[in-house]
**Q** 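Please see the structure below; I have some questions.
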Amino acid sequence: MGKTLLVTGGAGFIGSNFIRLVIEQRDDWHVINLDALTYSGNLENLADIDLNSRYEFARGDINNSELLDTLMPRCDAVVHFAAESHVDRSIMDSTPFVQTNVVGTQKLLDAARRNDVQRFVHVSTDEVYGELPLDDPEAKFTEQTPIAPNSPYSASKAASDLLVRAYHETFGMDTLITRCSNNFGPYQFPEKVIPLFVSNLLEDKQVPLYGDGLNVRDWIHVVDHCEAVLTVLEKGSAGEVYNIGGNNERTNLELTHSILKIMGKDESMIKHVTDRLGHDRRYAIDATKMRQQLGWEPTRSAWPNALEQTVQWYVDHTEWWQRVKSGAYAEYYDKMYGNR
Ligand code: NAD
Ligand code: TYD
């Protein structure tokens with residue numbers, strides 16, 4: 001018998017890639033996508049599977065306990081992606097981050113417990129560990145690294161991780177936590193650095209590089225991340241944390257130069273702008289536990305190929321990001337970058 005999953009945030013970047021993967025690779029599983037369709041939720045991301053009989057969409061907020069009680073009785077597991085996910089927005093206003101990421105996660109945990117859902121996978125981030133120094137390139141985040149978030153976004157994710165842990169310890173719930181590094185790939189909202197820079201260049205606009213551009217991120221292809229989450233759902237041990245990373249560290253300056261080269265643009269397209277407040281210097285994941293205990297490794301994240309394919313995806317899907325970048329997003333862009 002196949003499983004029925006409740007996937008929260010399935011209209012966003014990673015959630016939509018996860019739902020597509022599950023529908024394609026588990027042919028007797030059903031997926032219910034619960035998403036509030038905030039600014040970053042977009043049902044176009046799943047247009048190709050919208051009519052699949054094993055897929056269902058429910059529009060709603062994870063804070064709505066009554067709605068959760070109508071959906072959960074049919075579900076074997078929850079895979080929880082829904083979140084406010086952008087660091088810069090959390091610096092402008094952390095209120096929605098606490099409401100969705102902290103309170104919303106608590107509501108979901110309570111509903112899962114009330115409805116005897118068998119497994120709860122909480123999708124978190126390497127940002128809960130804080131930052132690594134630039135002068136110790138061997139240092140990486142392991143699952144034992146202390147939680148030390150620096151932004152309101154990562155603090156809200158860390159708070160939700162602690163609640164998930166506590167529900168396992170207190171109530172014996174079968175919860176698991178994944179902590180992944182920076183994702184890239186199709187359907188990423190163009191406020192995040194790669195789709196922002198690629199789409200700006202396609203519009204012949206400069207790309208705003210924060211500070212000295214030497215901050216390091218560990219890039220993983222979104223489908224590698226989704227396969228890892230599916231692996232944790234199927235094979236992980238209750239109560240455990242699993243780090244997921246791409247073994248692919250780059251400074252933002254290197255990333256920017258690579259994008260400029262792929263797109264045939266020159267350095268004059270870089271606009272050096274004021275740094276992000278509290279900008280974490282470096283993230284890097286040690287994913288040994290995923291490899292040794294669950295047999296997972298990234299297979300799609302190696303550059304330059306994976307980056308070239310992603311840039312090409314945004315070139316081929318200009319209408320997708322143009323629609324996303326119009327309207328409310330345009331106001332955000334002016335507020336964020338207008339006077340920088
Ligand atoms: P995203 O912003 O693209 O998508 C978030 C989705 O959640 C949207 O569809 C939105 O409508 C939905 N949502 C927001 N608030 C909601 C609410 N209250 N109720 C129901 N739905 C709501 O984000 P993403 O990049 O796909 O990230 C997904 C998850 O993965 C997040 O939990 C994030 O912390 C985590 N993560 C992201 C990255 C990354 O690089 N993007 C890396 C590691 C972990
Ligand atoms: P982002 O995609 O926002 O992800 P995160 O903050 O979760 O790592 O940013 C990735 C890196 O790119 C980060 O070091 C900040 C930098 N950045 C810029 O230099 N300019 C930009 O306009 C944005 C959005 C990010």
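All values below come from the heavy atoms of this structure, side chains included, with hydrogens, waters and symmetry mates left out.
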**Q** Tell me, with the steps shown, if Asn200 and Lys271 meet side-chain hydrogen bond (donor to acceptor under 3.5 Å, both in side chains).
**A** CA-CA 12 Å; Asn200 272 16; Lys271 182 177 184 201; over 6 Å; no
**Q** Between His221 and Gln309, is the side-chain hydrogen bond (donor to acceptor under 3.5 Å, both in side chains) condition met? List the steps.
**A** CA-CA 11 Å; His221 193 276; Gln309 283 163 13; 5.8 Å; no
**Q** Classify the side-chain pair Asp88/Tyr210 by whether it contains a donor and acceptor separated by less than 3.5 Å.
**A**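 Yes, Tyr210 and Asp88 have a side-chain donor paired with an acceptor closer than 3.5 Å.
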**Q** Determine whether Asn150 and His279 make a side-chain contact, defined as any pair of heavy atoms from C-beta on separated by less than 4.5 Å.
**A**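 No; the side chains remain at least 4.5 Å from each other.
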**Q** Can you list the steps and then say if Ser160 with His122 is a side-chain hydrogen bond (donor to acceptor under 3.5 Å, both in side chains)?
**A** CA-CA 9 Å; Ser160 64; His122 176 63; 3.1 Å; yes
**Q** Taking Asp76 for the side chain and Thr4 for the main chain, is one N or O donor matched with an acceptor at less than 3.5 Å?
**A**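 Looks like yes, one N/O pair under 3.5 Å.
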**Q** By the definition ring-ring contact (aromatic ring centres under 6.0 Å, His included), identify the one residue from Trp313, Phe13, Tyr314, Trp321 that meets it with Tyr187.
**A**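 In the set Trp313, Phe13, Tyr314, Trp321, the residue that makes a ring-ring contact (aromatic ring centres under 6.0 Å, His included) with Tyr187 is Trp313.
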**Q** Can you name the nearest heavy-atom pair linking Ala238 to Asp174, along with the distance?
**A**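 It is CB-OD1, 3.4 Å.
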**Q** Do Glu249 and Lys140 sit within salt-bridge range, that is, some charged N less than 4.0 Å from a carboxylate O?
**A**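 Salt bridge flag = yes for Lys140 with Glu249.
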**Q** For the pair Glu131 (side chain) and Arg281 (backbone), establish whether a donor and an acceptor sit closer than 3.5 Å, ignoring hydrogens and angles.
**A**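 Pair found, side chain donor or acceptor close to backbone of Arg281.
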**Q** Just so I know, are the side chains of Val311 and Met263 near enough to count as touching, which here means a heavy-atom distance under 4.5 Å?
**A**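 A side-chain contact exists here, since the closest heavy-atom pair is under 4.5 Å.
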**Q** State, yes or no, whether a side-chain contact exists between Pro96 and Asp93 at a heavy-atom distance under 4.5 Å.
**A**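 Pro96 reaches Asp93 side chain to side chain.
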**Q** Is Leu260 close to Leu201 at the side-chain level, that is, under 4.5 Å between some pair of heavy atoms?
**A**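 Yes. Closest side-chain heavy atoms under 4.5 Å.
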**Q** When you measure from the side chain of Arg276 to the backbone N and O of Val87, does any donor-acceptor pair fall under 3.5 Å?
**A**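 No, because the side chain of Arg276 does not come within donor-acceptor range (under 3.5 Å) of the backbone of Val87.
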**Q** Are Ser181 and Asp126 close enough that a side-chain donor and a side-chain acceptor fall under 3.5 Å?
**A**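 Ser181 vs Asp126: no donor-acceptor pair found between side chains.
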**Q** Looking only at non-hydrogen atoms, find the nearest pair between Arg119 and Leu233 and report the distance.
**A**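 Smallest heavy-atom distance, with atoms named: NH1-O, 3.1 Å.
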**Q** Can you confirm whether or not the ring centre of Tyr55 sits under 6.0 Å from the ring centre of Trp29?
**A**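 So the answer is no for these two rings.
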**Q** Could you give the distance from CG (Asn52) to CZ (Arg20), rounded to the nearest 0.5 Å?
**A**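 If I round to the nearest 0.5 Å, the distance is 11.5 Å.
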**Q** Have Asn63 and Gln99 got a donor and an acceptor in their side chains that come within less than 3.5 Å?
**A**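 Judged by distance alone, the side chains do pair up.
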**Q** Please confirm whether the backbone N or O of Glu240 pairs with a side-chain atom of Ser237, one donor and one acceptor, at under 3.5 Å?
**A**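 Side chain of Ser237 to backbone of Glu240, a donor-acceptor pair under 3.5 Å: no, none is there.
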**Q** A cation-pi test, strictly: NZ or CZ of Arg89 under 6.0 Å from the centre of the six-membered ring of Tyr153 and no more than 45 degrees from its axis. Yes or no?
**A**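 No cation-pi geometry.
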**Q** Please give me the minimum heavy-atom distance between Gly12 and Asn45, naming the atom from each residue.
**A**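 In terms of heavy atoms, the two residues are closest at O-ND2, 3.7 Å.
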**Q** When you check the gap from the basic side-chain N to the acidic O, do Glu127 and Arg179 get nearer than 4.0 Å?
**A**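 The answer is no: the pair does not qualify as a salt bridge.
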**Q** Are Leu67 and Arg59 close enough that some pair of their side-chain heavy atoms sits under 4.5 Å apart?
**A**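 They are not in side-chain contact.
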**Q** Between Glu308 and Lys261, is there a side-chain N and carboxylate O pair less than 4.0 Å apart?
**A**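 The answer is no: the pair does not qualify as a salt bridge.
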**Q** Inspect the contact between Arg54 and Asp28 and indicate whether a charged nitrogen and a carboxylate oxygen are less than 4.0 angstrom apart.
**A**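 No, Asp28 and Arg54 are not salt-bridged.
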**Q** Any donor-acceptor pair under 3.5 Å linking the side chain of Asn115 with the backbone of Val117?
**A**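 Flag not set: sc Asn115 to bb Val117 has no pair under 3.5 Å.
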**Q** Output yes when a side-chain donor or acceptor of Ser94 lies under 3.5 Å from a complementary backbone atom of Phe97, and no otherwise.
**A**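 Flag not set: sc Ser94 to bb Phe97 has no pair under 3.5 Å.
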**Q** When rounded to the nearest 0.5 angstrom, what is the spacing between CD1 in Ile32 and OG1 in Thr8?
**A**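 That separation rounds to 12.5 Å.
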**Q** Return the NZ to CG distance between Lys157 and Asp161, rounded to the nearest 0.5 Å.
**A**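 It comes to 7.0 Å.
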**Q** For the backbone of Tyr283 and the side chain of Asp218, can you confirm whether one donor and one acceptor N or O come within less than 3.5 Å of each other?
**A**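 Here the side-chain-to-backbone pair does not exist.
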**Q** Could you tell me the separation between the CG atom of Leu108 and the NE2 atom of His80, rounded to the nearest 0.5 Å?
**A**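 With rounding to 0.5 Å, CG (Leu108) is 5.0 Å from NE2 (His80).
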**Q** Just by distance, no angles: are the side chains of Arg250 and Asn248 close enough, under 3.5 Å, to form a donor-acceptor pair?
**A**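 There is such a pair (donor and acceptor under 3.5 Å, judged by atom type) between the side chains of Arg250 and Asn248.
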**Q** Lys205 and Ser199: side-chain hydrogen bond (donor to acceptor under 3.5 Å, both in side chains), yes or no, with the steps?
**A** CA-CA 8 Å; Lys205 277 182 18 198; Ser199 59; over 6 Å; no
**Q** Rounded to the nearest 0.5 Å, how far apart are CG of Asn33 and CD1 of Ile19?
**A**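 Separation between the atoms: 3.5 Å.
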**Q** Give the minimum heavy-atom separation between Gly211 and His272, together with the two atoms involved.
**A**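 So the two residues come closest at O-ND1, 4.1 Å.
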**Q** Using a strict 4.0 Å threshold on nitrogen-to-oxygen distance, state whether Asp135 and Arg282 make a salt bridge.
**A**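 Salt bridge between Asp135 and Arg282, a charged N being under 4.0 Å from a carboxylate O: no.
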**Q** Test the Lys289-Tyr242 pair against the cation-pi criterion, namely NZ or CZ under 6.0 angstrom from the six-membered ring centroid and within 45° of the ring axis.
**A**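 Because its charged atom sits under 6.0 Å from the ring centre and within 45° of the axis, Lys289 does stack over Tyr242.
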**Q** Keeping the roles fixed (side chain from Asn183, backbone from Ile220), state whether a donor-acceptor pair exists under 3.5 Å.
**A**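 It does not hold such a pair.
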**Q** Is the backbone N or O of Ser301 less than 3.5 Å from a side-chain atom of Asp224, with the two atoms forming a donor-acceptor pair by type?
**A**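 At least one qualifying donor-acceptor pair exists.
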**Q** Can you tell whether the side chains of Arg26 and Glu234 come within less than 4.0 Å, N to carboxylate O?
**A**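 Counted as a salt bridge, because a side-chain N and a carboxylate O are separated by less than 4.0 Å.
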**Q** Can you tell me how far the CG atom of Asn101 sits from the CD atom of Gln106, to the nearest 0.5 Å?
**A**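 So the gap between those two atoms works out to 13.5 Å.
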**Q** Evaluate side chain to side chain contact (heavy atoms under 4.5 Å, CB included) for Leu34 paired with Leu68, printing each intermediate quantity in order.
**A** CA-CA 9 Å; Leu34 171 63; Leu68 296 179; 3.5 Å; yes
**Q** Using a 4.5 Å cut-off on heavy atoms from C-beta on, say whether the side chain of Phe171 contacts that of Leu109.
**A**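 With C-beta onward as the side chain, the pair stays apart.
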**Q** So, the side chain of Lys265 versus the backbone of Asp204: is there a donor-acceptor pair under 3.5 Å, distance only?
**A**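 Checked: no pair found.
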**Q** Kindly indicate whether the side chain of Phe141, heavy atoms from C-beta on, has any atom under 4.5 Å from the side chain of Leu132.
**A**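 Heavy-atom side-chain distance check passes, below 4.5 Å.
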